[in-house]
> 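One structure, as structure tokens, below. Some questions next.
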Amino acid sequence: MNLTPYSKVLIQGFSEYITANHVAQMKANGTNLVAGVNPGFGGQQMYSLPVFDLVEEVVDKFGVIDTTIVCVHPYQVLDAALEAIASNIRQIIIISPGVPPLDMVQLLRKAEAKETLIVGPNSPGIIIPGKILLGTQPSEFYTEGKVGILSRSTTLTYEIARELTDAGLGQSMSVSIGSDAIVGSSFLQWLQILDEDEATKAIVLVGQPGGDREEAAARYIAEAIDKPVVAYVAGREAPPAKHWRQTGTLAAVIGRDPDFGTAKNKLAAFSFARVPVAERPSQIPELVKKAMRV
Amino acid sequence: MNLTPYSKVLIQGFSEYITANHVAQMKANGTNLVAGVNPGFGGQQMYSLPVFDLVEEVVDKFGVIDTTIVCVHPYQVLDAALEAIASNIRQIIIISPGVPPLDMVQLLRKAEAKETLIVGPNSPGIIIPGKILLGTQPSEFYTEGKVGILSRSTTLTYEIARELTDAGLGQSMSVSIGSDAIVGSSFLQWLQILDEDEATKAIVLVGQPGGDREEAAARYIAEAIDKPVVAYVAGREAPPAKHWRQTGTLAAVIGRDPDFGTAKNKLAAFSFARVPVAERPSQIPELVKKAMRV
Amino acid sequence: MDLLEYQVKEWFANIGIPVLPSQRIDHPTDLKRLKIRYPIVLKSQVNAVERAKVGGVRFVGTTIDAIAAARSIFNLPILGQLPEVLLAETKYETEQEFYIAVVLDTAVCRPILLGCTEAMDIDWDSADEKMHYVVVEQEFSPFYARQLALKMGLQGALIQSVSTVVEKMYHLFVEKDLDLVEINPLGVSASGQVMALNGSVSVNERAIGRHQNIADMAETMVNHNTSSDTIRNSGNWDVVEMHGKIAILGNGAGLVMATLDLVINSGGKPGVCLNLRHASVTETSPTTFKSRLEKALKNIASDKSIQVILINFLGSISQGSEVSQVIGEFVESSMSEAQLFMAKSNGGKRRENNFPRLVVRLAGSEFDTARKDIAALQTPTDTSITVVENLDEGVAEAIRLAKSTASRRF
Amino acid sequence: MDLLEYQVKEWFANIGIPVLPSQRIDHPTDLKRLKIRYPIVLKSQVNAVERAKVGGVRFVGTTIDAIAAARSIFNLPILGQLPEVLLAETKYETEQEFYIAVVLDTAVCRPILLGCTEAMDIDWDSADEKMHYVVVEQEFSPFYARQLALKMGLQGALIQSVSTVVEKMYHLFVEKDLDLVEINPLGVSASGQVMALNGSVSVNERAIGRHQNIADMAETMVNHNTSSDTIRNSGNWDVVEMHGKIAILGNGAGLVMATLDLVINSGGKPGVCLNLRHASVTETSPTTFKSRLEKALKNIASDKSIQVILINFLGSISQGSEVSQVIGEFVESSMSEAQLFMAKSNGGKRRENNFPRLVVRLAGSEFDTARKDIAALQTPTDTSITVVENLDEGVAEAIRLAKSTASRRF
């Protein structure tokens, strides 16, 4: 992980999901955004960034690029990410939603072989308030502090940051791994990073229905995480999805649980792991304070 | 490289290119041949070898397998080799000729990523006389000694071993990298191995028309090989192939040479690298003796 | 998107998976021009595993019987669906029946191969003991299919014949961007020949746009089958249909669900809940945030059971500056509609009351102007639109309004 | 195997590479039923880059001119070939013409993308300065095609339009197992639209067997075009045709070539030289070593210019034990043929002399029995077959025999 303000950052593609405002915010938050890549537009400027046709041109000009923020059309995400990997970029944050899952399978096979971190797709990225912003998280809801936020939502993540900030609890880092069914980095990886991060004193984990990522996280918290964790799961009142075909996980076929993928199941897992769970976003600050014994 | 008699060896497929005689020879030469894999024939015996349906079954039963000898139908070579790689086999010798080149491209990409040695296709493999035989080289033409043979032919390799043996010059190792246009291991890799091999005191390099492997080898010999090398190139009188499309190498397009791929070109490269070249197979022993100052 | 059996079998035949000779029947009289030999089986083309149990599958030996059976199947609704097409297929004698499938496993982020030596009457409860699987860790190669065959306990020539079918299913899976391809049952004859007797295919909605032929199929199917079920089942929660009076619009699926929870926990009843952050997976033409908001407001306004629309936007939205404009236009068009109605019906209060009340929660500096503009809008009911920054407040206000308008509604 | 232009363009159209409206013309009168608009270009469907220079390409504006031009092209041999088909194609106005190709590079063991902003009249001598290339190191992804476009110096929208064509060429290359796919020229119109005006496709011979449709095409083409040129050009030396009297059969391409060199260096003249180690790449049905040897001997015996057959086998051969049997049967059938001929022509010595002399070099213990058996065979000329173990000896004997029989031949 290289999340220092010196690390060089690239944007690939300028779609609906990245606006002039996002670019300006990244710059304002200390991100060393060096260029954009948009084939056919090389030599132009976009949101005050120099634009190139190829990633390799950017590397030729600026040297090693640490992170790329991929905002191309969902059908071009695989190609853009493979281009980044071929140019030795080791951190890839995919903002675009709607990437076909089999493209993600192909990308993850390659990323694993090349030890490349993939965050997303359908992720607003990572923010370390006051230090770096990699993605589209709105920094205005954040303030420097000690709480790490880990989620797979977009706006719900900001909602929680806003509640914490309003309650006087700043954040050390906030990451959304992305809300698609198949995403790169896992809750487990980030729990470990937050557990090791000196600035982080407590972790808020934000879940939603689908898959079994929250359940895996709950088990991991019970086993390996020393810092206090508070959980919140949205969608506990939402009607459940139908059966394993739709939830699409092996766990649902082999040794399946009728509640697989539901918020109910996730809440039970947190409860079993003795992780305090907030009823609503506005209750989170209170539980965090209690957990941190502030 | 693991070429010790203790290393465990597997045969995948029993086609025209591997006979009972080959299997018996391998065993007689000390090769620790543990099993064969032939889907649909699991549980049977073939040439006194237990046969399994899957490579992973062999690994489950015998532990790590060092080398596999692939003799399946050419259209199944890619699958067989990928199955071996998935079972962590790191040395793959492909006997079968006629593998479609794009299958080899796919296999080589994978093998490079997994640091797997591929010898062949269309190769009779490797023999260390008196120690191990991996493939179909006829051991009767070989005898223990100090000369390493490196070629991309099949029977021409044995012809030369026979000449050396008749002249009282034993062999330390003989490898054919395979006569197909696209093969795994290169002359360069094996020149380096033979150069480092303590038993080897001189090297005979056997070439034939097509590609530019001999030229690359000649350059490498001039630069990096300390042991004496004698070359022989077959086909100097054969009519030349037509143009770059057929020889199919970039070198032939970019900075191309009208003699690209011809024996003439190869002979010139050896001459430039001051490698003595035999006129005929029967002249090789004399040149080797001269080079070794025996 | 789930294909019908006859579509699945066309795909199977094209990729070389063995299927029986069959013929599509659009009308009972098509059976007079049957090109396959009796006895045949007639199957209702609906997506329901219960089809055989309720009489949607019939064996017939003569044209007369076939036409009669076809008439009855065409008129037999299964799970509320009437078939538009039947499939007439040769009968096949099986010795054994297997279940095989390729499915995308979102937990391991890989496709998995599934197999079982019993055909499954979807007795999924006991499936975990009998079902075998192989995770396709790296790029597929036929050995993965042989691993499945071995795990299923197959031997001899069946290893190759079954794994060849699995291999072709995998190629279909990748070529067409599927979530699932399933053969159930795969019939095995006494001589060891295999045959796909029935099959299911589910296409991933997100990838439809890059397959022209599938997009064409989808267009036809959406017309018949626009249920929100289909959308919810695709595994994302961008549309949740409930039956209360408070519609929820948000920019983010998690946020919409959190809002839904808050409404229910505070004693309210949500109606349709929509995430407008990105285009629906079934949307074929490109959309903008603005166009999605316009469309959502229009659709909700036409649903007379909705009395309050709770809008919850937070953070940055492309075209966020246009939110107040879209809401303004929506309110204005509702007003002119109401006036038109009043003019026509010589002034009535009934219609005015049907204009849903709006609670708009906007958080973030991007909406500083929008908040003021929306608060200043004139509404048909002359009440101002509630604009808040705090979510709990917005929820409370929506519930209060839903309760207060409830009495006036009918 | 090289496709003809009209076949190439069918493939291009199927995979989405832009081609002009065109029509296949099997006979000049087909032009009366032309579905495309004049002016058109008529092109002789032969594989020769020189086609345009020698009059195989003609622009015509009317049906009368078209029929006259077609008649003359159908009767114009190019490099010895008469076209069986012409291609009639719409005329296209280009602003620029590019060269692009995908080719398998055996040196780097990867496909490479080639591009040049000049169409190439196969001026390959200056190609190295103008030609740009990209090695497709890992699995292909469109960015490789964009890299080529950039290297070619393209800008703006042309980057995407050219790289999209390259991307489709690459997919064709992999799908059909090609050695080469080339567009030359790729026309670029004033508006930036690209068009494949001419193209070449070369299918890898080894992979034909796994593509049923290509195998079918190959069958038709082999009938017209069985030249040893085609075989030699495929880059392996399993068949070398020279014009001397000594045929060479060996089990290994390198060994056959070494034998060929020895014959020439010792003053002999090789005729056809065949490697029997494996099946020819153009062979569609499975063969055995035995069947290949039988076929080779039979073919050589029918070639009256061959006076000596030098067989050089060494090491292990599957079915090696049958070598003496096949040679025995060959000698026997030659004898009975000779006797039959003698009977018919009332005894003549002429025919006997035409039986080629055999020199058999067998090295390895596998042939211990064969050597004895062959040496004991009775031949039509009553001379025994020379059997040796040493290669130089065998070559010397073959040359001696070729010289001694030479005087008797004509």
Side-chain angles (χ1 to χ4, degrees), chain B residues 16-17 19 21-22 25 74-75 97-102 104-105 108-109 122 124 136-138 140-141 151-159 162 179 181-183 206 208-212 234-239 241-251 253-256 279-282, chain D residues 103-112 114 124 127-128 131 133 135 137-139 173-174 177 179-180 202 204 206-207 209-210 229 232-237 240 242 250-255 257-258 260-262 264-265 277-279 281 288-289 313-316 318 363-366 391-392:
Chain B
E16 178 187 0
Y17 305 99
T19 62
N21 191 20
H22 290 129
Q25 266 199 67
Y75 291 174
V99 180
L102 292 184
M104 283 309 300
V105 169
L108 294 180
R109 282 187 184 128
N122 203 357
T136 57
Q137 298 230 31
E140 61 173 311
F141 300 125
S151 87
R152 53 195 185 107
S153 311
T154 52
T155 40
L156 180 58
T157 318
Y158 327 152
E159 184 78 51
R162 189 173 175 275
S179 45
I182 294 195
V183 293
V206 186
Q208 61 184 56
D212 62 352
R236 58 175 83 184
E237 305 294 346
K242 272 198 179 167
H243 69 70
W244 70 271
R245 283 192 188 172
Q246 275 74 36
T247 57
T249 52
L250 179 58
V253 186
I254 310 297
R256 83 208 182 93
E279 290 285 320
R280 49 176 68 210
S282 55
Chain D
V103 58
L104 183 61
D105 183 344
T106 57
V108 296
C109 299
R110 293 290 189 278
I112 56 172
L114 289 172
W124 287 102
D128 45 336
M131 188 64 77
Y133 70 94
V135 178
E137 202 52 60
Q138 299 298 316
E139 283 297 308
F173 185 80
V174 170
D177 271 303
D179 283 333
L180 167 83
S202 183
N204 187 278
R206 291 177 165 183
R210 62 178 172 187
D229 247 25
R232 185 157 65 251
N233 288 347
S234 70
N236 61 52
W237 276 257
V240 177
M242 298 181 80
N251 64 331
L255 186 67
M257 276 187 283
L260 180 160
D261 289 350
L262 286 171
I264 291 179
N265 292 337
R277 184 169 173 260
H278 48 71
V281 288
T288 60
F289 188 83
F313 295 158
L314 161 128
S316 56
S318 68
S365 53
E366 193 176 350
L391 176 55
D392 289 352

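Everything numeric here is computed off the predicted structure, so don't read it as measured data. Quick note on labels: first sequence line is chain A, next is B, and so on, each numbered from 1.
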> So which of D:Ile264, D:Leu260, D:Thr288, D:Val174 has the largest heavy-atom pair count under 4.5 angstrom toward chain B?
D:Ile264
> Hey, does D:Leu104 have a side-chain heavy atom less than 4.5 Å from the side chain of B:Val105?
yes
> With a 4.5 Å cut-off on heavy-atom pairs, point out which of B:Val206, B:Val99, B:Val183 contacts chain D the most.
B:Val99
> Is a salt bridge present between B:Arg280 and D:Asp261, judged by a nitrogen-to-oxygen distance below 4.0 Å?
no
> Return yes if some donor-acceptor pair links the side-chain N/O of B:Thr155 with the main-chain N/O of D:Asn251 below 3.5 Å, else return no.
yes
> Would you mind telling me which of B:Ala181, B:Ser153, B:Pro281 has the largest number of heavy-atom pairs within less than 4.5 Å of chain D?
B:Ala181
> At a heavy-atom separation under 4.5 Å, does D:Asp177 approach chain B through its side chain, its backbone, both, or neither?
both
> Looking at every non-hydrogen atom in both residues, tell me the closest pair between B:Thr154 and D:Gly252 and how far apart they are.
OG1-CA, 3.9 Å
> Answer with side chain, backbone, both or neither: which region of D:Phe313 has an atom nearer than 4.5 Å to a non-hydrogen atom of chain B?
neither
> For chain D, which candidate among B:Gln208, B:Gln137, B:Arg162 shows the most heavy-atom pairs at distances under 4.5 Å?
B:Arg162
> Looking only at heavy atoms and a cut-off of under 4.5 Å, which of B:Leu108, B:Leu156, B:Thr157, B:Thr19 has the most pairs with chain D?
B:Leu156
> What's the shortest heavy-atom distance between D:Arg210 and B:Pro100, and which atoms?
NH2-CB, 3.2 Å
> Applying side-chain contact (heavy atoms from CB on, under 4.5 Å), run through B:Arg236 and D:Met257 and close with a yes or a no.
CA-CA 8 Å; B:Arg236 58 175 83 184; D:Met257 276 187 283; over 6 Å; no
> So, do D:Val240 and B:Pro239 sit near enough that their side-chain heavy atoms are less than 4.5 Å apart?
yes
> Tell me whether B:Tyr75 contacts the main-chain N or O of D:Gly209 through its side chain, where contact means a donor paired with an acceptor under 3.5 Å.
yes
> Tell me which of these, B:Met104, B:His22, B:Arg152, has more heavy-atom pairs under 4.5 Å with chain D than the rest.
B:His22
> Answer with side chain, backbone, both or neither: which region of D:Leu314 has an atom nearer than 4.5 Å to a non-hydrogen atom of chain B?
both
> Supply the atom-to-atom distance B:Glu279 CD to D:Asn265 CG, rounded to the nearest 0.5 angstrom.
6.5 Å
> Mind ranking D:Gly254, D:Pro111, D:Gly250 by heavy-atom pairs under 4.5 Å with chain B and telling me who comes out on top?
D:Gly254
> Could you tell me which non-hydrogen atom of D:Glu139 sits nearest to which non-hydrogen atom of B:Arg109, and how far apart they are?
OE2-NH1, 3.3 Å
> Could you give the distance from CD (B:Glu159) to CG (D:Leu255), rounded to the nearest 0.5 Å?
5.5 Å
> Please check this pair: side chain of B:Glu140 against backbone of D:Ser365, looking for a donor-acceptor N/O pair closer than 3.5 Å.
yes
> Sort B:Thr136 into side chain, backbone, both or neither according to what part of it lies under 4.5 angstrom from a heavy atom of chain D.
backbone
> Does any backbone or side-chain atom of B:Phe141 lie under 4.5 Å from a heavy atom of chain D? Answer side chain, backbone, both or neither.
side chain
> Go through the steps for B:Leu102 and D:Phe173 under the test side-chain contact (heavy atoms from CB on, under 4.5 Å), then give the verdict.
CA-CA 9 Å; B:Leu102 292 184; D:Phe173 185 80; 3.6 Å; yes
